[in-house]
Amino acid sequence: MRNLHILFFFCIASLAYSQNNDSLLDHYKKYYEQMKSQGDVQGVINGLTHLNVLDPSQARADTLAVLYMNEGRHIQALNTIGIETNENDSDMAVEVKAISLQFLNQLDRSLVHYEELFKRNPNPLIAYELADIKIQLDDLIGATKNITFGIANSNNDVMRTYYESQGQYNVPMKAAFMYLKGLVKFKENKEENIDSAIAIMDEALAIAPNFNLAKISKDALYAQKKTD
């Protein structure tokens, strides 16, 4: 009889917990939707965090990581989904890892995830990030491969956004890749390739006259030429 009483007690406790958990889930679902309707990003993050604690799912974790990333909170984004390479990761998770690690200047680790993104969906935007990182890591052969792909697959409909102190501006992807090509040419031989690099920067500026970063780089190349 005593064992029956204990079993009955646990059944009641389990039912109460289930009802309480369902009640909390319902509450935070409503809270989450309300925060979204108000445009309260921190409220959305709080609501989604509670939902993921009560009813964990990878989709919720991925969405939470994206929210953190979009707020510039890259460490929190990575703490949410980790930095490890996982073939079962969603495209969203791989992108968060790539971008956040790049922002935190963990370029070697970021590169791995960008390569995975490119394998899943080869496109000029990802190719640009790969080339940019490889130039910084002095992998000029790898960068050239990505630049060649980018130039061949770019059209005027796809733009690259640059952010500078005076504001942001867009240039066609082909101009963006020509700029990177100029950087590679210069890094291949900083003494002999200045004129070639300047000529490539001119090609980028012919496509996008508003390309301030290319103009700055061209001016810097001219200045170095005068000092040599």
Sidechain-backbone polar pair: Asn210 side chain, Asn170 backbone, donor-acceptor under 3.5 Å: yes
Test item: Ser110 side-chain N/O and Gln106 main-chain N/O as donor-acceptor pair under 3.5 Å: no
Plane angle bin for His50 and Tyr28 - parallel if under 30°, tilted between 30 and 60°, otherwise perpendicular: parallel
Check: Asn123 side chain, Asn121 main-chain N or O, donor-acceptor pair, under 3.5 Å: yes
Side chain to side chain donor-acceptor pair (under 3.5 Å) assessment of Tyr114 paired with Glu95: CA-CA 7 Å; Tyr114 273 120; Glu95 184 174 5; over 6 Å; no
Main-chain N/O of Phe149 paired to Asn153 side chain as donor or acceptor, under 3.5 Å: yes
Closest non-hydrogen atom pair between Met201 and Ser217, with its separation: CE-CB, 3.9 Å
Interatomic spacing from CZ in Arg160 to OH in Tyr128 - rounded to 0.5 Å: 4.5 Å
Check ion pair Glu33-Lys30 (N to O, under 4.0 angstrom): no
Residue pair Gly182 / Ala197: nearest heavy atoms and the distance that separates them: O-CB, 3.6 Å
Side chain Asn52, main chain Ser57, donor-acceptor under 3.5 Å: yes
Backbone N/O of Ser196 and side chain of Asn193: donor-acceptor pair under 3.5 Å: no
Nearest non-hydrogen partners of Met69 and Ser100, listed with the distance: CG-OG, 3.8 Å
CD1 on Ile151 to CE on Met178, rounded to 0.5 Å: 5.0 Å
Glu87 side, atom CD; Asp89 side, atom CG - distance, nearest 0.5 Å: 9.5 Å
Neighbour count >12 (heavy atoms, 6.0 Å) for atom CG, Leu54: yes
Check ion pair Lys134-Glu115 (N to O, under 4.0 angstrom): yes
Minimum heavy-atom distance between Arg120 and Glu116, given as atom pair plus value: NE-OE2, 2.8 Å
Stepwise ring pair (Phe, Tyr, Trp, His ring centres under 6.0 Å) check, Tyr163 with Tyr169: CA-CA 7 Å; Tyr163 301 89; Tyr169 58 91; 9.0 Å; no
CG-CD1 distance between Asp139 and Ile133, expressed to the nearest 0.5 angstrom: 11.0 Å
Check ion pair Glu203-Lys174 (N to O, under 4.0 angstrom): no
Stepwise side chain to side chain donor-acceptor pair (under 3.5 Å) check, Gln38 with Gln34: CA-CA 6 Å; Gln38 293 174 196; Gln34 183 63 35; 2.8 Å; yes
Plane angle bin for Phe211 and Tyr162 - parallel if under 30°, tilted between 30 and 60°, otherwise perpendicular: tilted
Minimal non-hydrogen separation, Asn146 against Ala127, with atom names: CB-O, 3.6 Å
Same apolar cluster (I L V M F W Y, side chains within < 4.5 Å links), Val96/Leu64: no
Expected output: side-chain Lys97 to main-chain Glu84 donor-acceptor under 3.5 Å: yes
Test log, rule side chain to side chain contact (heavy atoms under 4.5 Å, CB included), inputs Glu164 and Gln168: CA-CA 6 Å; Glu164 297 180 16; Gln168 69 181 59; over 6 Å; no
Gap separating the OH atom of Tyr32 from the CD1 atom of Ile45, nearest 0.5 angstrom: 10.5 Å
Minimum heavy-atom distance Ala61-Thr80, with the two atoms named: O-CG2, 3.5 Å
Residues, nucleotides or ligands: over 12 heavy atoms within 6.0 Å of Arg60 CZ: yes
